Amino acid sequence: MGLVNICVRDDQLDAEILKLCVTIQQNSSFKPSGHQAIAVRHDGMSLAAGLAYEIYRTPGVGPDMRERIDAFMNRKKR
């Protein structure tokens with residue numbers, strides 16, 4: 001179900017939380033805020049109407065999309 005992403009020892013918890021926070025902070029805020037706004041606006045619509053609303057009222061791509069795609073494509077393999 002994907003409920004657990006990582007297990008760490010108690011003495012490593014704070015360091016792992018900090019790493020996760022840094023990763024989250026580096027994410028673009030454009031998409032989550034745009035999707036949240038759309039979700040609020042189409043709340044209560046039928047499924048078909050809500051999906052159509054999302055398609056035609058999408059906030060589009062973020063200003064940092066190209067940079068993020070490049071970073072993903074050039075990431076180091078583990």
Side-chain angles (χ1 to χ4, degrees):
M1 291 178 59
L3 297 176
V4 176
N5 291 330
I6 188 171
C7 292
V8 298
R9 294 188 337 229
D10 289 346
D11 63 336
Q12 295 175 333
L13 183 60
D14 289 341
E16 290 298 323
I17 289 172
L18 181 59
K19 283 183 1 187
L20 178 60
C21 289
V22 168
T23 299
I24 291 170
Q25 188 179 28
Q26 292 171 346
N27 289 333
S28 175
S29 64
F30 180 79
K31 280 297 185 180
S33 62
H35 288 300
Q36 181 182 15
I38 286 177
V40 168
R41 289 187 191 112
H42 73 55
D43 187 32
M45 293 181 183
S46 69
L47 177 60
L51 290 174
Y53 186 92
E54 287 185 16
I55 290 169
Y56 294 110
R57 302 263 198 300
T58 179
V61 299
D64 59 350
M65 180 193 77
R66 180 81 265 156
E67 178 184 329
R68 292 183 170 284
I69 290 173
D70 290 343
F72 176 80
M73 297 303 290
N74 295 317
R75 72 192 187 283
K76 293 181 182 176
K77 305 218 187 251
R78 293 181 183 195

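A quick note: this is a predicted structure, and the numbers were derived from the prediction, not measured. Positions are given from 1 along the sequence.
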Legend entry - Expected output: side-chain Arg75 to main-chain Phe72 donor-acceptor under 3.5 Å: yes
Legend entry - Heavy-atom neighbours of Glu67 CD exceed 12 at 6.0 Å: no
Inset, instruction - Please write out which residues are connected to Leu51 in a hydrophobic cluster, directly or through intermediates, given that two of Ile, Leu, Val, Met, Phe, Trp, Tyr count as joined at side-chain heavy-atom separations below 4.5 angstrom. - result: Leu47
Legend entry - Shortest non-hydrogen contact from Gln26 toward Arg68: O-NH2, 2.5 Å
Inset, instruction - Using the rule that two of Ile, Leu, Val, Met, Phe, Trp, Tyr join whenever any of their side-chain heavy atoms come within less than 4.5 Å, decide whether Ile17 and Val8 are in one cluster. - result: yes
Legend entry - Gap between atom CG of Asn74 and atom CG of Asp70 - 0.5 Å precision: 6.0 Å
Legend entry - Side-chain touch Arg41/Arg57, heavy atoms, less than 4.5 angstrom: no
Legend entry - Heavy-atom side-chain contact between Ile24 and Val22 under 4.5 Å: no
Inset, instruction - Report the distance from atom CG of Leu18 to atom CG of Leu13, rounding to the nearest 0.5 Å. - result: 11.0 Å
Inset, instruction - For residues 15-24, pull every pair meeting side chain to side chain donor-acceptor pair (under 3.5 Å), keeping only residues two or more places apart or in separate chains. - result: Glu16-Lys19
Inset, instruction - List, by chain and number, the other hydrophobic cluster members for Met45, where Ile, Leu, Val, Met, Phe, Trp and Tyr join if side-chain heavy atoms come within less than 4.5 Å, directly or indirectly. - result: Ile38, Tyr53
